[in-house]
Amino acid sequence: MDRIRIRGGNRLNGTIPISGAKNAALPLMIVSLLTPETLTLSNVPRLADVRLLQRILQNHGIDIMVAGKRPGQNGAAGDVMHLTAREIADTTAPYELVSKMRASFWVLGPLLARCGEARVSLPGGCAIGTRPVDMHLTAMEQLGAEIAIEGGYVIARARKGLKGAHIRFDKVSVGATHAALMAAVLADGDTVIENAAAEPEIGDVAECLVKMGARIEGIHSTELRIRGVTSLSGATHSVIPDRIETGTYAMCAGMAGGDVLLKDANAGHLGAVIDVMRQAGIDVDVVNEGVRIHRNGAALRPVTVDTAPFPGFPTDCQAQLMALMTMATGTSTIRETIFENRFMHVQELARLGADIHLHGDTAEVRGVRKLTGAQVMATDLRASVSLVIAGLAAAGETMINRVYHLDRGFETLEEKLSACGADVTRISG
Ligand code: EPZ
């Protein structure tokens, strides 16, 4: 298994191109199930999760062509992917694949809408929480599907097709919003999704669906109104830049010090991240090419943050912020409100000398003057990159094990950081 070695202490100066968003690319690829015509996606990030979803969709019979980089094209242009679901050969999403990547469970809605049936493995729990899918299933039932659970699989049927409905979510769920939206666009009649997630990735999927002929109002709001259509066409769509990758590199630059341009970043998608960075004493400039991050000598100030649905502070940047605050001049308070078990990085950061105390859903991070490099273990995608951030400032060498977690969501991380002066090397297994 690959490892990443970091020798800390280098400041970061230069440009980091931001890739397409993992959490937009995955649902956009799944949208291709809704039409027999070709959906062309550009700026698709080269990630392990994208490749795994490709296999899952090919299992359903989708023809996928990926046009890689053209000579001279800069590193971050991403792949161009052509997806054609002329026919759905198989409406089963098997446990072997779904258990590897939860988002593949989202094929349920489009398969039901297009084929009137679906057999999808329940995704199971994961390191950061139990992550049930009850809201997905209730939404499908409200749209007229019959749902049964047999042998760890969701058996869903809508022989007469789906029917528009008024869906009100008790809490904000990105996945359940994607599922309900993707199903409702081909349902007969009108659907309202109340208390919908308004993450930029939801907006990106909705805008792509409109290009395919869907009728959706309230995009980027917490109430989506959909008038079902009988069929959708193909389209061409570019994946939005990754706001979590942007927040991550912003914190790398904030931790190491220096001056970095996050090229192609969309500041409007960063919500509370920019505010928190500025509260922490890091300069953030919104510029034409993206977002510029610089800290030259100013001390890191402690912050008090609760994670929340967009536009609140993203839970997917919580671990990164905790790493940054390990070296603030004072005590920070970070409350995780979305997932019940998203503090796996705390013990690993403590191995580098961090001083963090957990009280239920809240972490008290007492800033220390120095971190020291050590062997650490990646436990999940975002926890693993918090160890990179800490390693950039730690004296000596940090060795991160099990970096396959990182490869799921960060494209060419060590190249991007090394290009700005970091001493980061991948050591292949
Ligand atoms: C998406 O996961 C993202 N994944 C997650 O990013 C992200 O952390 C999360 O949204 C929140 O922003 C992708 O986009 C692929 P939720 P999702 O449904 O959709 C509960 C990363 O690091 N819930 O918004 O699974 C759930 O347990 C990943 O890239 C139910 O109770 O998250 C959680 O507590 C990690 N029942 C809360 O809602 C349901 O049916 C929010 O989860 C569905 C969710």
Side-chain angles (χ1 to χ4, degrees), residues 19-71 73 77-121 123 153-154 156 158 161-162 178-179 181-183 185-186 201 204-214 229-240 407-408 411:
S19 300
K22 167 181 84 78
N23 290 349
L26 300 177
L28 284 165
M29 290 168 67
I30 291 172
V31 157
S32 67
L33 285 165
L34 289 166
T35 174
E37 298 178 18
T38 300
L39 175 63
T40 298
L41 298 175
S42 58
N43 201 29
V44 177
R46 298 171 195 85
L47 301 170
D49 276 10
V50 168
R51 287 192 294 281
L52 180 55
L53 184 58
Q54 239 175 278
R55 281 180 47 207
I56 293 167
L57 294 176
Q58 283 160 335
N59 203 50
H60 292 301
I62 298 190
D63 172 40
I64 301 181
M65 250 212 342
V66 177
K69 272 192 275 186
R70 278 187 297 283
Q73 203 174 351
D79 281 342
V80 176
M81 190 181 279
H82 306 276
L83 307 106
T84 313
R86 218 164 275 108
E87 273 165 36
I88 305 291
D90 186 341
T91 54
T92 295
Y95 173 75
E96 297 69 39
L97 296 175
V98 175
S99 58
K100 291 201 176 77
M101 190 190 56
R102 304 179 50 77
S104 52
F105 182 79
W106 302 350
V107 298
L108 176 70
L111 288 173
L112 255 182
R114 173 102 183 262
C115 313
E117 63 171 35
R119 182 171 172 273
V120 179
S121 169
Y153 277 77
V154 173
L162 296 174
H178 278 309
L181 174 63
M182 291 185 205
V185 288
L186 286 179
E201 296 78 20
D204 203 25
V205 167
E207 280 162 5
C208 178
L209 286 166
V210 167
K211 286 180 191 167
M212 296 165 71
V229 294
T230 51
S231 66
L232 291 170
S233 65
T236 297
H237 185 79
S238 180
V239 179
I240 55 173
D407 296 336
R408 295 191 48 200
E411 188 178 9

*Considering only heavy atoms from C-beta outward, does the side chain of V107 approach that of L33 to under 4.5 Å?*
yes
*What is the distance from atom NZ of K22 to atom CG of L53, rounded to the nearest 0.5 Å?*
10.5 Å
*Any chance you could measure L162, atom CG, to R114, atom CZ, to the nearest 0.5 Å?*
14.0 Å
*Hey, are the side chains of V31 and P110 touching, using non-hydrogen atoms and a 4.5 Å cut-off?*
no
*Does S104 reach the main-chain N or O of M101 with its side chain, forming a donor-acceptor pair under 3.5 Å?*
yes
*Would you find a donor on one side and an acceptor on the other, under 3.5 Å apart, between the side chain of D79 and the backbone of M81?*
no
*Below 4.5 Å, heavy atoms only, C-beta onward: do P94 and Y153 meet side chain to side chain?*
yes
_Side chain to side chain, E117 and L112, heavy atoms closer than 4.5 Å_ = no
_Keeping Y95 on the side-chain end and V120 on the backbone end, is there a donor-acceptor pair under 3.5 Å?_
no
*Output the distance between atom NE2 (H82) and atom CG (L39), rounded to the nearest 0.5 Å.*
10.5 Å
*asked:* I'd like to check H237 versus S42 (side-chain heavy atoms, cut-off strictly below 4.5 Å). Are they in contact?
replied: no
*Side chains of V98 and I56 in contact at under 4.5 Å (non-hydrogen atoms)*: no
*How many angstroms lie between OG1 in T35 and CG in L83, if you round to the nearest 0.5 Å?*
11.0 Å
*Answer whether the closest heavy-atom distance between the side chains of L41 and S238 falls below 4.5 Å.*
no
*Ignoring hydrogens and angles, tell me if any N or O in the side chain of H60 forms a donor-acceptor pair with the backbone of T91 under 3.5 Å.*
no
*Output yes when a side-chain donor or acceptor of K211 lies under 3.5 Å from a complementary backbone atom of E207, and no otherwise.*
no
_Point-to-point distance, once rounded to the nearest 0.5 Å, from CD of E201 to CG of N23_ = 5.5 Å
*Under the ring-ring contact (aromatic ring centres under 6.0 Å, His included) test, which residues partner H178, sequence neighbours left out?*
W106
*So, the side chain of N43 versus the backbone of V239: is there a donor-acceptor pair under 3.5 Å, distance only?*
yes
_From I62 atom CD1 to E87 atom CD, the distance as rounded to the nearest 0.5 Å_ = 12.5 Å
